[in-house]
Undergrad: 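Sending over a structure as structure tokens; questions will come in a sec.
From a predicted model like this one, the values you see are computed outputs, not experimental measurements. Sequential numbering from 1 along the given sequence is applied to the chain's residues. Both ligands and their constituent atoms are indexed starting at 1 by order of listing.
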Amino acid sequence: MTLFSFSSHELDFIDDDEFHEECGVVGIWTTQDAASLTALGLHALQHRGQEASGIVTYDGNQFHTHRGLGLVGEVFDDPRVIASLPGGMGIGHNRYATTGETQLRNVQPLYGDFEFGGFAVAHNGNLTNAQLLKQSLVRRGCLFQSSTDSEVFIHLIAISLYSNVIDRFIDAIKQVQGAYSLVALSKDMLIAARDPLGVRPLILGKLPYSQDENSWVVASETCALSSMGADFVRDIEPGEVIIIDHDGVRSIHPFADNTSSRFCIFEYVYFARPDSVIENKSVYMARKKIGAELAKESHVEADVVVPVPDSGVPAAIGYAEASNIPFELGIIRSHYIGRTFIEPTDQIRNLGVKLKHATNRAVISGKRVILIDDSIVRGTTSKKIVEMVRAAGATEVHLRIASPPTQHSCFYGIDTPAEEKLLAHTHSIDEMCKLIGADSLGFVSADGLYRALQEDKRNNQNPQYCDACFTGDYPIPLTDHDMQLVKSK
Ligand code: AMP
């Protein structure tokens with residue numbers, strides 16, 4: 001997570017608060033009860049953000065807002081909360097910040113009263129020039145209420161000299177750099193937009209049962225559609241702005257040079273829910289294929305293939321199928337504690353891993369085990385799991401990772417620690433293996449990962465995905481970072 005820097009006196013107005021977050025967004029255009037549906041959609045997108053959640057609705061007369069810290073089920077558990085959000089149009093947001101204080105003022109959707117009326121925005125992704133924009137906006141008199149990068153959208157729209165909402169919105173997105181999938185709501189329309197490289201996902205769906213023929217859903221992932229009973233229509237394209245109003249759905253492509261897309265490859269590896277379909281590819285099937293590639297690339301003789309649940313399960317199934325080694329649930333995960341990754345200190349994180357995972361001796365004891373996980377970040381999880389599997393009687397433990405080594409931080413919305421805290425940034429594979437305590441360690445290659453995603457291999461001149469976390473090839477300028485306007489975690 002990148003934090004505001006205090007390096008110059010000029011920047012003292014900027015909070016040292018958390019800035020980066022992974023998120024899920026939902027938008028609803030006209031149905032009986034937008035708030036309930038939005039909450040259902042957010043529920044299905046809970047994996048994209050577990051710290052806070054919010055919904056803004058419009059009832060044809062006024063806007064209503066409820067935002068809170070916690071899981072969707074906690075924030076919207078009281079029926080009176082949903083009842084306080086009347087209206088047929090709504091947008092919602094799940095926020096995931098991994099360290100630091102989560103404050104209510106940072107919880108989205110963000111809302112502002114403008115010349116043209118109320119306007120709410122929910123953002124998934126991360127902007128890379130938000131600090132630079134914020135400096136000049138603050139000098140112009142804009143009063144920031146939060147420390148989230150997303151607030152620059154609100155101020156850019158507010159000061160835009162264009163007269164109508166759409167032109168102001170487009171004016172704003174043309175000034176930002178970075179990754180964004182946005183949903184926004186005015187009294188007349190729902191707007192959805194993806195950045196020109198389409199780094200974060202965003203899809204359009206339709207509500208078939210609504211009395212209104214013109215009822216639409218926008219969501220981060222297709223898994224949200226099933227929970228809302230909506231049908232998939234299509235992915236929103238990179239660089240596309242969709243406007244939904246009483247006349248139906250319109251599409252605008254405001255970026256002339258919008259030639260290639262760079263969807264985040266880590267969404268396929270880890271972040272998206274496995275039942276989602278992105279760009280016509282099932283995330284689950286992609287993960288299985290990554291596992292099969294991994295089996296081909298780093299085969300080892302063993303008795304069982306064991307996933308680190310839940311993130312390693314589909315890849316382990318693919319590995320087991322491709323290698324003809326039996327798949328077994330040798331580690332059982334408790335679903336009653338949160339992601340260990342979000343615990344703030346190493347000590348608590350270590351404890352968290354023990355609470356979260358238990359070994360199933362029946363399938364491990366006396367066996368040569370291939371352990372499969374999706375990624376190694378700091379190495380805490382792998383080290384602990386390898387220790388546990390050995391303690392459960394495994395004779396050999398071979399760790400296989402369904403992504404290339406994570407050597408670089410993400411600046412586009414996947415929370416990763418600073419480079420120097422990434423195990424693969426500071427250690428060779430042999431050193432990592434020794435540190436983790438495995439008998440062998442293997443990662444899928446970048447080409448293997450691309451093959452699993454139905455590409456021949458990585459096109460090094462013009463890569464098909466954003467894979468900066470693995471390659472260091474950042475497709476969008478890191479303006480704030482390069483100008484040292486942000487500091488890393
Ligand atoms: P670590 O213990 O720091 O090496 O983290 C690795 C584990 O965290 C793996 O099991 C991944 O499934 C999971 N993971 C990887 N990236 C993230 C992320 N951005 N947020 C939460 N969990 C993650």
Side-chain angles (χ1 to χ4, degrees), residues 1-2 18 20-24 46-51 94-99 124-126 179 199-200 264-274 283 287 290-291 306-316 331 333 337-357 371-389 399-427 429 432-433 435-438 441 443-444 466-470 488-489:
M1 176 173 310
T2 310
E18 54 193 59
H20 283 192
E21 53 245 30
E22 302 159 20
C23 305
Q46 189 75 83
H47 61 288
R48 299 188 72 86
Q50 296 142 31
E51 301 239 327
N94 280 340
R95 177 167 189 268
Y96 178 25
T98 57
T99 61
N124 173 212
N126 199 84
V199 175
R200 297 279 145 243
C264 167
I265 209 159
F266 199 69
E267 293 268 355
Y268 284 113
V269 168
Y270 170 79
F271 205 58
R273 215 171 83 166
V283 171
R287 287 181 190 164
I290 300 171
V306 169
V308 178
D310 295 328
S311 53
V313 173
I331 298 166
R333 178 183 160 188
I337 68 157
R339 289 181 183 192
T340 52
F341 196 88
I342 65 175
E343 303 291 354
T345 65
D346 278 350
Q347 197 191 355
I348 294 176
R349 203 174 289 116
N350 287 344
L351 191 70
V353 172
K354 273 189 206 139
L355 288 173
K356 193 171 165 181
H357 296 112
L371 260 183
I372 311 276
D373 203 357
D374 68 288
S375 58
I376 294 177
V377 182
R378 298 178 185 85
T380 324
T381 309
S382 310
K383 189 167 187 296
K384 192 58 61 185
I385 299 271
V386 168
E387 252 168 50
M388 287 168 67
V389 170
L399 182 61
R400 295 292 179 269
I401 303 296
S403 62
T406 303
Q407 287 181 301
H408 306 276
S409 301
C410 177
F411 294 87
Y412 307 135
I414 298 284
D415 185 77
T416 37
E419 257 176 14
E420 55 277 12
K421 292 191 187 150
L422 296 170
L423 196 67
H425 186 77
T426 46
H427 294 73
I429 294 182
M432 290 171 85
C433 182
L435 212 124
I436 287 166
L441 171 63
F443 292 82
V444 77
C466 175
D467 52 19
C469 50
F470 307 131
S488 325
K489 283 197 295 189

Undergrad: Quick one: does F271 get a heavy atom under 4.0 Å from ligand 1?
TA: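 In this structure, F271 fails to qualify as a contact of ligand 1 - no heavy atom is under 4.0 Å.
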Undergrad: What atoms in ligand 1 come closer than 4.0 Å to a heavy atom of S311?
TA: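 In order of number, 10 (O), 12 (O).
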Undergrad: Which atoms of ligand 1 are found less than 4.0 Å from any heavy atom of Y96?
TA: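 Listed by number with element, the hits are 20 (N), 21 (C).
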Undergrad: Looking at ligand 1, would D374 count as a contact under a 4.0 Å heavy-atom criterion?
TA: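 Right, D374 reaches ligand 1.
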Undergrad: With a 4.0 Å cut-off on heavy atoms, is T416 touching ligand 1?
TA: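 No.
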Undergrad: Check each atom of ligand 1 against the heavy atoms of I376 and keep those under 4.0 Å away; list them by number with element.
TA: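 The list of qualifying atoms is 4 (O).
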Undergrad: Can you find a pair of side-chain heavy atoms, one from L422 and one from P417, that are under 4.5 Å apart?
TA: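 In short, these two side chains touch, coming nearer than 4.5 Å.
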Undergrad: Between S382 and L399, is there a side-chain heavy-atom distance shorter than 4.5 Å?
TA: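 Of all side-chain heavy-atom pairs linking S382 with L399, at least one is under 4.5 Å.
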Undergrad: I'd like to check the salt bridge (Lys or Arg N to Asp or Glu O under 4.0 Å) partners of D467; sequence neighbours left out, ordered by chain and number.
TA: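 Per chain and number, D467 pairs via salt bridge (Lys or Arg N to Asp or Glu O under 4.0 Å) with R458.
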Undergrad: With the threshold set at under 4.0 angstrom, would you say S382 reaches ligand 1 through any of its heavy atoms?
TA: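 No heavy atom of S382 comes that close to ligand 1.
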Undergrad: Using a 4.0 Å heavy-atom cut-off, say whether D373 meets ligand 1 through its side chain, its backbone, both or neither.
TA: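 The answer is the side chain.
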Undergrad: Can you find a side-chain donor-acceptor pair between E420 and H425 that sits under 3.5 Å?
TA: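 Absent: no donor and acceptor within the cut-off.
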Undergrad: Would you mind finding which of K383, R378, Q50 brings a heavy atom closest to atom 3 (O) of ligand 1?
TA: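 Considering heavy atoms of K383, R378, Q50, the nearest to atom 3 (O) of ligand 1 sits in R378.
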Undergrad: Just verifying a value: how many Å separate Y96 OH and H47 NE2, rounded to the nearest 0.5 Å?
TA: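 Reported to 0.5 Å precision, the distance equals 11.5 Å.
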Undergrad: Would you check the N or O atoms of G379, main chain and side chain alike, for any that come under 3.5 Å of an N or O of ligand 1?
TA: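 N/O-N/O distance below 3.5 Å exists for this pair.
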Undergrad: Let me know which of T406, V377, L435, T380 forms a side chain to side chain contact (heavy atoms under 4.5 Å, CB included) with L423.
TA: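 For L423, the side chain to side chain contact (heavy atoms under 4.5 Å, CB included) test succeeds with only one of T406, V377, L435, T380, which is L435.
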Undergrad: Enter the distance from N124:CG to N94:CG here, rounded to the nearest 0.5 Å.
TA: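 Those atoms lie 10.0 Å apart.
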Undergrad: List for me each residue that meets side chain to side chain contact (heavy atoms under 4.5 Å, CB included) alongside S403, sequence neighbours excluded, and say none if there are none.
TA: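 Applying side chain to side chain contact (heavy atoms under 4.5 Å, CB included) to S403 gives V269, S375, I401, F470.
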Undergrad: Using heavy-atom distances, let me know which of V377, T380, L423 sits nearest atom 5 (O) of ligand 1.
TA: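 Checking each option, the heavy atom nearest atom 5 (O) of ligand 1 is found in V377.
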Undergrad: For I414, which part has a heavy atom under 4.0 Å from ligand 1: side chain, backbone, both, or neither?
TA: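 It is the side chain that gets close, since no backbone atom is under 4.0 Å.
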